[in-house]
J.: 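Got a structure for you, written out below as structure tokens; questions coming shortly.
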Number of protein chains: 2
Amino acid sequence: MPLDLSVDRSSPVPLYFQLSQQLEAAIEHGALTPGSLLGNEIDLAARLGLSRPTVRQAIQSLVDKGLLVRRRGVGTQVVHSQVKRPLELSSLYDDLEAAGQRPATKVLVNTVVPASTEVAAALGVAEGSEVHRVERLRLAHGEPMAHLCNYLPHGLIDLDTDQLQATGLYRLMRTAGITLHSARQSIGARSATAAEAERLGEPEGAPLLTMQRTTYDDTGRAVEFGAHTYRPSRYSFEFQLLVRS
Amino acid sequence: MPLDLSVDRSSPVPLYFQLSQQLEAAIEHGALTPGSLLGNEIDLAARLGLSRPTVRQAIQSLVDKGLLVRRRGVGTQVVHSQVKRPLELSSLYDDLEAAGQRPATKVLVNTVVPASTEVAAALGVAEGSEVHRVERLRLAHGEPMAHLCNYLPHGLIDLDTDQLQATGLYRLMRTAGITLHSARQSIGARSATAAEAERLGEPEGAPLLTMQRTTYDDTGRAVEFGAHTYRPSRYSFEFQLLVRS
DNA sequence: TCAATCCGTATGTCCGGACAACCGAACTAC
DNA sequence: GTAGTTCGGTTGTCCGGACATACGGATTGA
């Protein structure tokens with residue numbers, strides 16, 4: 001059964017994208033079983049009335065996602081799954097929501113402060129210049145999960161406390177027209193101070209998972225710097241890596 | 001100064017790859033300054049005697065690396081740097097070596113054991129079947145930095161203790177002809193048990209950074225499962241993320 | 001003066017074809 | 001029986017062209 005694929009040429013959606021979506025769905029759905037050959041590109045193109053480059057572009061996008069593997073002289077195979085999602089630049093809020101965890105946010109601080117040396121260096125602004133400072137407690141199922149402290153350049157975005165309670169910071173930034181591009185992260189661990197333990201409902205000296213992140217938009221501007229602490233009993237970083245070959 | 005680019009058609013290296021390497025070097029070297037336009041693809045192709053698709057392929061690879069940004073109707077710009085390396089599937093050994101840290105390895109255990117429930121599930125083998133078990137202490141500058149416990153399917157690779165001391169596990173696997181494809185990771189934190197504290201030279205109850213990882217080859221086979229603990233005072237996970245758009 | 005429109009330009013998509021490089025299996029020769 | 005060779009099949013690379021689409025600035029109009 002050669003799988004029923006079709007493309008809609010009247011659609012504004014690019015043909016290669018239509019195809020890659022259908023292939024991905026077929027893999028997800030099990031119509032294309034792991035290890036099975038995909039059939040050669042020429043035939044596939046002919047069958048769909050597409051050119052080979054277009055088919056290749058569709059396949060390539062799935063190879064980049066780690067769903068397919070090409071072998072010269074052999075063909076294109078479906079990877080033996082295990083692949084879920086590669087690491088994305090996502091917000092904790094969205095992650096929790098996607099996991100059905102019903103996240104909630106408690107805004108502790110939402111103000112403007114002069115930039116400390118560390119914050120100024122991270123955001124690439126002058127020391128002492130005004131920056132937004134947001135401190136939040138992230139809850140899941142009513143239990144504190146993480147303490148989030150973020151700094152943003154002044155004037156970049158309107159930080160409304162109500163909106164911060166209702167959604168994540170990244171979604172706010174995207175809505176404001178900022179196109180996120182990359183981020184530098186550092187994940188570590190340390191003992192909780194008395195104040196941190198208190199905030200998160202952990203005993204003093206308990207181990208904490210820490211994450212520092214600076215996010216840049218597509219012009220290279222730093223748009224956010226954050227120092228987060230997580231309760232390791234309730235949160236860990238899970239992600240998938242792909243080999244860049 | 002329009003940058004001197006050239007390609008060698010007699011070389012077996014693909015033309016698009018030659019071009020992307022030269023562009024990357026130019027960016028690295030500063031010949032292409034952040035924010036500057038790259039010049040349109042048509043001219044670039046004509047100047048190099050290449051076709052536009054080839055030039056596009058070169059540019060696209062750098063866009064995927066996060067070095068360039070394309071804007072329709074505008075052009076292709078160099079990202080305002082900050083980009084170093086996206087997260088790779090690399091071994092701790094290679095990372096330390098690249099950072100000039102002079103890593104050393106002390107093999108504590110190198111044996112074959114029956115797979116526990118957890119290990120069997122991770123590697124996708126029958127519970128109780130034989131698997132390699134390797135336990136190592138990773139040192140930098142003579143100081144313990146991490147404790148690495150790894151399991152590998154039996155018969156996949158010849159695990160020589162001397163080789164394990166001299167290099168990293170990933171390099172051994174690649175040398176053995178295994179093509180790594182993806183990995184699932186989980187990073188967390190917890191308190192050190194007495195034995196762990198002893199091994200790493202930390203006080204009992206000290207916070208530890210933990211990482212569990214299952215690595216798959218390009219056929220989807222699990223080829224390695226590891227449970228690592230790191231001294232947070234000496235190690236943290238640092239990496240760069242790109243937005244997949 | 002300010003807003004809407006037009007237009008040049010650059011990337012985005014797509015086509016059809018060609019040859020090269022590589023893998024695996026069948027075949028052949030020893 | 002085994003080793004080497006040939007050969008079909010598939011992906012990798014590259015070409016030259018065509019039209020669509022979106023952005024930004026200049027022009028035009030109110």
Side-chain angles (χ1 to χ4, degrees), chain A residues 2 5-23 35-64 67-79 177 179 217-219 245, chain B residues 2 5-23 35-64 67-79 177 179 181 217-219 244-245:
Chain A
L5 298 166
S6 61
V7 292
D8 175 11
R9 300 197 88 96
S10 68
S11 164
V13 178
L15 300 177
Y16 77 89
F17 193 77
Q18 293 183 38
L19 178 53
S20 72
Q21 276 190 321
Q22 289 183 37
L23 289 174
S36 64
L37 272 304
L38 194 58
N40 77 54
E41 300 168 348
I42 313 275
D43 290 352
L44 196 54
R47 194 140 58 81
L48 288 164
L50 296 174
S51 69
R52 189 181 163 216
T54 303
V55 172
R56 273 185 71 78
Q57 193 172 359
I59 292 176
Q60 188 59 47
S61 72
L62 296 182
V63 171
D64 290 341
L67 293 173
L68 298 177
V69 177
R70 314 177 98 135
R71 287 171 195 275
R72 206 180 191 141
V74 178
T76 305
Q77 294 182 25
V78 180
V79 166
T179 60
D217 72 358
D218 58 0
T219 69
S245 49
Chain B
L5 298 167
S6 61
V7 292
D8 175 11
R9 300 196 87 97
S10 67
S11 164
V13 178
L15 300 178
Y16 77 89
F17 193 76
Q18 292 183 37
L19 178 53
S20 72
Q21 276 191 321
Q22 288 184 38
L23 289 175
S36 64
L37 273 302
L38 194 57
N40 78 54
E41 298 168 349
I42 314 274
D43 290 352
L44 197 53
R47 195 140 57 82
L48 288 163
L50 297 173
S51 70
R52 190 182 162 211
T54 302
V55 171
R56 273 184 71 78
Q57 194 173 359
I59 292 176
Q60 187 59 47
S61 71
L62 296 182
V63 171
D64 292 339
L67 293 173
L68 298 177
V69 176
R70 315 177 95 132
R71 288 171 194 277
R72 205 177 194 150
V74 178
T76 305
Q77 294 182 34
V78 180
V79 167
T179 59
H181 177 262
D217 73 358
D218 58 0
T219 70
R244 14 186 310 129
S245 50

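Because only heavy atoms are used, hydrogens play no part in the values below, and waters and symmetry mates are left out as well, while side chains stay in. Letters go in sequence order (proteins before strands), and every chain restarts at 1.
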J.: On DNA chain C, nearest-nucleotide positions of B:Pro53 versus B:Glu41: which is more 5'?
T.: B:Glu41
J.: Within this structure, what is the CD-to-C1' distance between B:Gln60 and C:dC14, rounded to whole angstrom?
T.: 16 Å
J.: Measure from CG on B:Leu37 to P on D:dC23 and round the result to the nearest Å.
T.: 16 Å
J.: Measuring to OP1 and OP2 of C:dT13, would you say a side-chain N or O of A:Tyr16 lies under 4.0 angstrom away?
T.: yes
J.: For D:dC15, does OP1 or OP2 lie under 4.0 Å from any side-chain N or O of B:Thr54?
T.: yes
J.: Provide, to the nearest angstrom, the distance between the CZ atom belonging to B:Arg72 and the P atom belonging to D:dG24.
T.: 13 Å
J.: Output the rounded distance in Å from CD (A:Gln77) to C1' (D:dT10).
T.: 12 Å
J.: The side chain of B:Val74 is closest to which nucleotide in this list: D:dG24, D:dC15, D:dT11?
T.: D:dG24
J.: Taking atom types as they are modelled, would you say the side chain of B:Arg52 forms a donor-acceptor pair with the base of C:dG12 within the 3.5 Å cutoff?
T.: yes
J.: What is the separation between atom CZ on A:Arg56 and atom P on D:dC14, rounded to the nearest whole Å?
T.: 11 Å
J.: Looking at the side chain of B:Gln57, which of C:dC15, C:dG12, D:dT13 is the nearest nucleotide?
T.: D:dT13
J.: On DNA chain D, compare the nucleotides closest to B:Phe17 and B:Gly73; which residue's is nearer the 5' end?
T.: B:Phe17
J.: Whole-Å distance between D:dG8 C1' and A:Ile42 CD1?
T.: 14 Å
J.: Check the phosphate of D:dC15 against B:Arg9, side-chain N and O only, distance under 4.0 Å to OP1 or OP2. Yes or no?
T.: yes
J.: Can you confirm whether the side chains of B:Asp217 and B:Thr179 place a donor and an acceptor under 3.5 Å from each other?
T.: no
J.: Tell me: CD of A:Gln18 to C1' of C:dC14, nearest whole Å?
T.: 13 Å
J.: Think A:Arg71 has a side-chain N or O under 4.0 angstrom from the OP1 or OP2 of C:dC22?
T.: no
J.: Looking only at side chains, do B:Gln60 and B:Arg70 share a donor and an acceptor under 3.5 Å apart?
T.: yes
